[in-house]
Participant: 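A single structure is presented below for examination.
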Amino acid sequence: QVQLAESGGQLVHPGGSLRLSCAASGSNLDDRAVGWFRQASGKVREGVLCITSNDGITYYVDSARGRFTISRDKEKNTVYLQMNSLKPEDTAVYYCRSGGKRCILADFDSWGQGTQVTVSS
């Protein structure tokens, strides 16, 4: 099984940027889809966006379009989430998850521990 570890979350002001990392151990990510999910306090966990095994991008929520991008570094076995123009509603614990090849939600089978992103005004 693959183990995932998220990092990079912190407190930022609205309009700021963050880069989150999803680092894998135990197996390679280069032939897997990797998705980013988030859960705000008191709300249900939701998918944000995903990169396929062929490096295509799927957006699960419209609010991420034009602000968030995702990329893969095969040498480091890591997937990155670049978040720009952050808004208070982006505040959440962010998780990465891997599985399958095509960003199909039912295919995800590995979770990270989560990293807190707080956007304050």
Side-chain angles (χ1 to χ4, degrees):
Q1 292 183 338
V2 61
Q3 292 81 48
L4 304 177
E6 303 94 336
S7 63
Q10 61 179 339
L11 173 66
V12 297
H13 290 164
S17 298
L18 283 175
R19 181 184 290 269
L20 306 184
S21 298
C22 176
S25 60
S27 186
N28 292 329
L29 289 180
D30 59 358
D31 63 348
R32 285 173 165 253
V34 179
W36 284 95
F37 299 77
R38 66 187 180 188
Q39 186 169 20
S41 180
K43 296 186 177 181
V44 67
R45 187 175 298 179
E46 65 178 357
V48 183
L49 78 173
C50 179
I51 186 168
T52 70
S53 63
N54 290 323
D55 294 340
I57 299 175
T58 295
Y59 288 93
Y60 295 126
V61 294
D62 288 338
S63 62
R65 298 179 187 271
R67 300 190 300 124
F68 293 2
T69 60
I70 190 169
S71 61
R72 185 192 304 271
D73 187 331
K74 294 182 179 180
E75 291 294 329
K76 296 182 178 180
N77 204 22
T78 299
V79 168
Y80 300 99
L81 173 62
Q82 178 67 46
M83 304 188 295
N84 300 322
S85 301
L86 284 163
K87 304 175 181 179
E89 52 263 43
D90 295 318
T91 296
V93 178
Y94 283 72
Y95 302 86
C96 60
R97 199 176 187 188
S98 67
K101 297 181 180 296
R102 298 168 57 193
C103 293
I104 298 173
L105 292 176
D107 289 344
F108 292 118
D109 57 12
S110 300
W111 288 93
Q113 83 286 354
T115 185
Q116 176 71 51
V117 173
T118 302
V119 185
S120 68
S121 60

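Sequential numbering from 1 along the given sequence is applied to the chain's residues.
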Participant: Restricting to non-hydrogen atoms, name the atom on Gly99 and the atom on Asp109 that form the minimum distance, rounded to 0.1 Å.
Facilitator: CA-OD1, 3.8 Å
Participant: Is there a path from Val12 to Leu20 through hydrophobic residues (I, L, V, M, F, W, Y) whose side chains come within less than 4.5 Å of each other?
Facilitator: yes
Participant: Side chain of Asp30, backbone of Glu75: donor and acceptor closer than 3.5 Å?
Facilitator: no
Participant: Hydrophobic clustering (ILVMFWY, side-chain heavy atoms < 4.5 Å, transitive) - are Trp111 and Val117 grouped together?
Facilitator: no
Participant: Looking at every non-hydrogen atom in both residues, tell me the closest pair between Cys22 and Trp36 and how far apart they are.
Facilitator: CB-CZ2, 3.5 Å
Participant: Report the distance from atom NZ of Lys76 to atom OG of Ser21, rounding to the nearest 0.5 Å.
Facilitator: 8.5 Å
Participant: Verify the cluster assignment for Met83 and Tyr60: are they in a single hydrophobic cluster under the rule of side-chain heavy atoms below 4.5 Å apart?
Facilitator: no
Participant: Which ILVMFWY residues are connected to Val44, directly or by a chain of links, through side-chain heavy atoms under 4.5 Å apart?
Facilitator: none
Participant: So, Arg102 and Asp107, do they make that salt bridge, N to O below 4.0 Å?
Facilitator: no
Participant: Considering non-hydrogen atoms only, spot the tightest contact between Glu6 and Tyr95 and give its length.
Facilitator: OE2-CA, 3.1 Å
Participant: I'd like to check the side chain to side chain contact (heavy atoms under 4.5 Å, CB included) partners of Ser85; sequence neighbours left out, ordered by chain and number.
Facilitator: Arg67
Participant: Are the side chains of His13 and Ser120 in contact, using a 4.5 Å heavy-atom criterion?
Facilitator: yes
Participant: Can you tell if the side chain of Val79 reaches within under 4.5 Å of the side chain of Cys96, non-hydrogen atoms only?
Facilitator: no
Participant: Between Thr115 and Gly9, is there a donor-acceptor pair closer than 3.5 Å when you use the side chain of the first and the backbone of the second?
Facilitator: yes
Participant: Between the side chain of Arg45 and the main-chain N/O of Val93, is any donor-acceptor distance below 3.5 Å?
Facilitator: no
Participant: Is a donor from one side chain sitting under 3.5 angstrom from an acceptor on the other, for Ser53 and Asp31?
Facilitator: no
Participant: Closest heavy-atom contact between Leu18 and Gly8?
Facilitator: CD2-O, 3.8 Å
Participant: Say you draw a straight line from SG of Cys103 to CZ of Arg97; how long is it, rounded to the nearest 0.5 Å?
Facilitator: 12.5 Å
Participant: Is it true that a side-chain atom of Thr52 and a backbone atom of Asn54 form a donor plus acceptor pair closer than 3.5 Å?
Facilitator: yes
Participant: For Phe108, give me all partners under ring pair (Phe, Tyr, Trp, His ring centres under 6.0 Å), at least two apart in sequence or on another chain.
Facilitator: Phe37
Participant: What distance separates Gln116 CD from Arg38 CZ, expressed to the nearest 0.5 Å?
Facilitator: 12.0 Å
Participant: Starting from Phe68, can I reach Val61 by hopping between I/L/V/M/F/W/Y residues whose side chains sit under 4.5 Å apart?
Facilitator: yes
Participant: Where is the tightest heavy-atom contact between Ala33 and Cys50, given as atom of each residue plus distance?
Facilitator: CB-SG, 4.1 Å
Participant: If you round to the nearest 0.5 Å, how far is OG1 of Thr78 from CG of Leu4?
Facilitator: 10.0 Å
Participant: Any side-chain to backbone donor/acceptor pair from Thr91 onto Val119? Under 3.5 Å, distance only.
Facilitator: yes
Participant: Can Asp62 and Arg65 be counted as an ion pair, charged N to O under 4.0 angstrom?
Facilitator: yes
Participant: If you compare all heavy atoms of Leu49 against all heavy atoms of Ile57, which two are closest, and at what distance to 0.1 Å?
Facilitator: CD1-CG2, 4.5 Å
Participant: Is it possible for you to say whether Leu29 and Tyr80 belong to one hydrophobic cluster, with membership spreading through side-chain heavy-atom contacts below 4.5 Å?
Facilitator: no
